[in-house]
A.B. asks: 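Below is a structure I'd like to ask you about.
Note that ligands are numbered from 1 as they come in the structure, with each ligand's atoms numbered from 1 the same way. This is a predicted model, so every value here is computed, not measured.
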Amino acid sequence: MSTGTAGTAPGADGVVRRAVCPGSFDPVTMGHLDIIGRASKLYDEIVIAVLVNKSKSSLFSVEERIDMLTAVTAEYGNVRVDSFHGLLVHYCEAHDIPVIVKGIRAVSDFDYELTMAQMNHGLTGVETLFMPTNPEFSFLRSSLVKEVATWDGDVSRLVPPLVLERLAARLDERR
Ligand code: PNS
């Protein structure tokens, strides 16, 4: 399933420059949106690829995550949302995507991301672009948002309003 806008326009040479922003997005945060929004200015089309990982428990289903991502990225005009399972490089090959965009929050992200980028490049030649996260969000990850929200901490500046609403509703259901 793929959702999103059809605002994609090819460059002057007729080639659509496409990149993927992969992740779990359980749920999407302002840190993710910072990277997606900036990447959407660099490429004709950004595909947000949500990993389907049956062995990892999640707060939101893949469909719910796709729904939230589609709503909060609609304003960018050239972003669509999809899901994938298995290797990201295989998804990239199947969808003609030569570039993976990854946000780097801190040096601690770099070691792990570098090994993945090198492995992915070695497998199929796909490139990885590292984009430094806005320092405002350098501490931010979905798991922290969930933990803080679970104990009634204020996460209103860390997720978009729609996500805040759905997060509160889901945590209420689980109480
Ligand atoms: O938001 P996350 O959970 O940090 O995202 C991690 C993700 C989905 C980008 C990464 O785990 C991934 O690409 N998984 C797909 C499986 C894969 O390709 N593994 C080999 C990496 S070298």
A.B. asks: With a 4.0 Å cut-off, strictly under, does atom 4 (O) of ligand 1 pick up any protein heavy atom?
C.D. replies: no
A.B. asks: Heavy-atom contacts with Phe84 under 4.0 Å: which atoms of ligand 1 show up? List them by number with element.
C.D. replies: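 Under 4.0 Å from Phe84, ligand 1 has these atoms: 15 (C).
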A.B. asks: Please indicate, with yes or no, if any protein heavy atom is found under 4.0 Å from atom 9 (C) of ligand 1?
C.D. replies: yes
A.B. asks: Quick check on contacts: which atoms of ligand 1 are under 4.0 angstrom from a heavy atom of Gly86?
C.D. replies: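 So the atoms of ligand 1 that pass are 15 (C), 16 (C).
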A.B. asks: Nearest protein heavy atom to atom 16 (C) of ligand 1: under 4.0 Å?
C.D. replies: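 Given the 4.0 Å limit, the answer for atom 16 (C) of ligand 1 is yes, a protein heavy atom qualifies.
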A.B. asks: Please list, in number order, the atoms of ligand 1 under 4.0 Å from a heavy atom of Met116.
C.D. replies: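 In order of numbering, the contacting atoms are 21 (C), 22 (S).
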A.B. asks: Provide, to 0.1 Å, the distance between atom 6 (C) of ligand 1 and the closest protein heavy atom, together with that atom's residue and name.
C.D. replies: Gly23 CA, 4.6 Å
A.B. asks: Would you say Met116 has more than 12 foreign heavy atoms packed within less than 6.0 Å of its CE?
C.D. replies: yes
A.B. asks: For the pair Asp109 and Lys102, find out whether any cationic side-chain nitrogen is under 4.0 Å from an anionic carboxylate oxygen.
C.D. replies: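 No.
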A.B. asks: Which is it for Leu88 and ligand 1 at heavy atoms under 4.0 Å: side chain, backbone, both or neither?
C.D. replies: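 It is both backbone and side chain that touch ligand 1.
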A.B. asks: Taking all atoms of both residues into account, what is the closest heavy-atom pair of Leu51 and Gly86, and its distance?
C.D. replies: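 So the two residues come closest at CD1-O, 4.4 Å.
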A.B. asks: Enumerate the atoms of ligand 1 whose separation from the nearest heavy atom of Ser24 is less than 4.0 angstrom.
C.D. replies: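 Going through ligand 1 atom by atom, the ones under 4.0 Å from Ser24 are 1 (O), 2 (P), 3 (O), 5 (O).
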A.B. asks: For Met131 and Asp34: C-alpha separation, side-chain torsions, deciding distance, then whether side-chain contact (heavy atoms from CB on, under 4.5 Å) applies.
C.D. replies: CA-CA 10 Å; Met131 190 178 275; Asp34 167 52; over 6 Å; no
A.B. asks: Below a 4.0 angstrom heavy-atom separation, can you tell me which part of Lys56, side chain or backbone, both or neither, approaches ligand 1?
C.D. replies: side chain
A.B. asks: I need the atoms of ligand 1 closer than 4.0 Å to a non-hydrogen atom of Lys102, numbered in the order shown.
C.D. replies: 9 (C)
A.B. asks: When you check the side-chain N and O atoms of Asn78 and Tyr43, is any donor under 3.5 Å from an acceptor?
C.D. replies: no
A.B. asks: Mind checking whether Phe130 and Phe110 have ring centres under 6.0 Å apart?
C.D. replies: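 So the answer is yes for these two rings.
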A.B. asks: For ligand 1, which atoms sit closer than 4.0 Å to a heavy atom of Met119?
C.D. replies: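 Reading through ligand 1 atom by atom, the close ones are 22 (S).
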A.B. asks: Do the side chains of Asp26 and Lys56 get close enough for a salt bridge, i.e. N-O under 4.0 angstrom?
C.D. replies: no
A.B. asks: Taking heavy atoms and a distance under 4.0 Å, where does Thr115 meet ligand 1: side chain, backbone, both or neither?
C.D. replies: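 Under 4.0 Å from ligand 1, Thr115 contributes no heavy atoms.
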A.B. asks: Give me the nearest non-hydrogen protein atom to atom 11 (O) of ligand 1 as residue plus atom name, then the distance to 0.1 Å.
C.D. replies: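 Of the protein heavy atoms, Leu51 CD2, 4.3 Å lies nearest.
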A.B. asks: What is the closest protein heavy atom to atom 19 (N) of ligand 1, and at what distance does it sit?
C.D. replies: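 In this structure, atom 19 (N) of ligand 1 has Leu87 CD2, 3.8 Å as its nearest protein heavy atom.
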A.B. asks: Does the pair Arg175/Asp152 count as a salt bridge with the N-to-O cut at 4.0 Å?
C.D. replies: yes
A.B. asks: Evaluate the criterion salt bridge (charged side-chain N to carboxylate O under 4.0 Å, His left out) for residue pair Arg80 and Glu45; output intermediate values, then yes/no.
C.D. replies: CA-CA 8 Å; Arg80 67 188 168 85; Glu45 181 178 57; 2.9 Å; yes
A.B. asks: Between Glu64 and Arg170, is the salt bridge (charged side-chain N to carboxylate O under 4.0 Å, His left out) condition met? List the steps.
C.D. replies: CA-CA 11 Å; Glu64 289 169 331; Arg170 178 55 43 87; 2.6 Å; yes
